[in-house]
Amino acid sequence: TQLLEQSPQFLSIQEGENLTVYCNSSSVFSSLQWYRQEPGEGPVLLVTVVTGGEVKKLKRLTFQFGDARKDSSLHITAAQPGDTGLYLCAGGTGANNLFFGTGTRLTVIP
Amino acid sequence: EAGVTQFPSHSVIEKGQTVTLRCDPISGHDNLYWYRRVMGKEIKFLLHFVKESKQDESGMPNNRFLAERTGGTYSTLKVQPAELEDSGVYFCASSTRLAGGVSLLISEQYFGPGTRLTVT
């Protein structure tokens with residue numbers, strides 16, 4: 001079983017602050033996806049990274065895939081209350097299933 | 001375009017009863033996946049259909065779980081008989097044809113809202 005550890009598990013910050021969420025594994029993944037999930041809903045795909053060292057930006061969110069394709073980070077600049085939610089990383093090893101991380105619950109306080 | 005839908009949204013049953021969950025994938029998506037999150041744990045893969053065929057069912061917990069996808073459209077996941085440890089949120093996801101080169105396959109999966117199953 002490929003285990004993806006996310007840190008921190010919980011994060012509470014003030015509006016306007018920056019934050020970084022980490023997703024680490026000892027396994028190599030062919031792709032790494034980040035999802036955000038809100039209560040009562042399923043995970044919503046934010047981004048997919050596939051190349052070691054790849055960096056993708058989505059407005060205030062910056063995603064990076066580690067050079068060895070074992071880890072990833074999500075950086076949010078100037079967090080807003082609308083960013084509140086559960087952030088999940090998920091590693092893909094091929095055509096089939098995703099291995100999900102343990103999750104980071106972010107709360108942005110107005 | 002309609003997203004992945006799941007029915008019911010909640011189900012409360014007694015131990016020993018049978019429950020059937022349904023998933024309607026995004027139209028045209030050949031790949032359909034079932035996942036589950038039990039309390040306090042990460043989301044875990046159960047199985048993967050390509051059209052009507054089971055591609056990978058390595059995550060199915062035991063033979064009390066039966067998944068079908070007749071006709072390659074919607075899928076059902078039946079739990080019979082249900083046990084207390086089956087409680088959790090069951091997610092369905094779908095994806096289109098896999099993209100990428102020969103050595104790299106990417107599955108961008110789109111998730112439904114989940115069915116919360118409570119076994120008492």
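Just so it is clear, the model here is predicted, and its values are computed rather than measured. By convention in this document, chain letters (A, B, ...) are assigned in the order of the sequence lines, proteins followed by strands, and residues within each chain are numbered from 1.
- Crowding of Lys54(B) atom NZ: a count of heavy atoms from other residues, nucleotides or ligands under 6.0 Å exceeding 12.
- When Asp56(B), Val89(B), Leu46(B), Leu47(B) are compared by the number of non-hydrogen pairs under 4.5 Å with chain A, Asp56(B) comes out ahead.
- One hydrophobic cluster, built from ILVMFWY side chains closer than 4.5 Å, cannot hold both Phe111(B) and Phe7(B); they sit in different ones.
- Only the side chain of Gln37(A) comes within contact range of chain B, with at least one heavy atom under 4.5 Å from a heavy atom of that chain.
- Hydrophobic clustering (ILVMFWY, side-chain heavy atoms < 4.5 Å, transitive): Val44(A) and Tyr87(A) are in distinct clusters.
- Side-chain contact between Leu88(A) and Glu42(B) is absent, with no heavy-atom pair separated by less than 4.5 Å.
- Chosen from Gly40(A), Pro43(A), Gly103(A), the residue pairing most often with chain B at heavy-atom distances under 4.5 Å is Pro43(A).
- Contact of Leu86(A) with chain B is made through the side chain alone, with heavy-atom distances under 4.5 Å.
- Between Gln109(B) atom CD and Thr48(A) atom OG1 the span is 9.5 Å, to the nearest 0.5 Å.
- Within the 4.5 angstrom heavy-atom criterion, only side-chain atoms of Arg37(B), from C-beta onward, approach chain A.
- Taking the six-membered ring for Trp, Tyr33(B) and Phe100(A) have ring centres at least 6.0 Å apart.
- Hydrophobic clustering places Phe49(B) together with Tyr90(B) (ILVMFWY residues linked when any side-chain heavy atoms are closer than 4.5 Å, directly or through intermediates).
- Two different hydrophobic clusters hold Tyr110(B) and Leu21(B) under the rule that ILVMFWY side chains link at heavy-atom gaps under 4.5 Å.
- Under the 4.5 Å side-chain heavy-atom criterion for ILVMFWY residues, a single connected hydrophobic cluster contains both Phe91(B) and Ile26(B).
- The neighbour count for Gln14(A) CD, taken as heavy atoms of other residues, nucleotides or ligands under 6.0 Å away, is above 12.
- Residue Tyr35(B) holds its OH atom at 3.5 Å from CG of Leu98(A), rounded to the nearest 0.5 Å.
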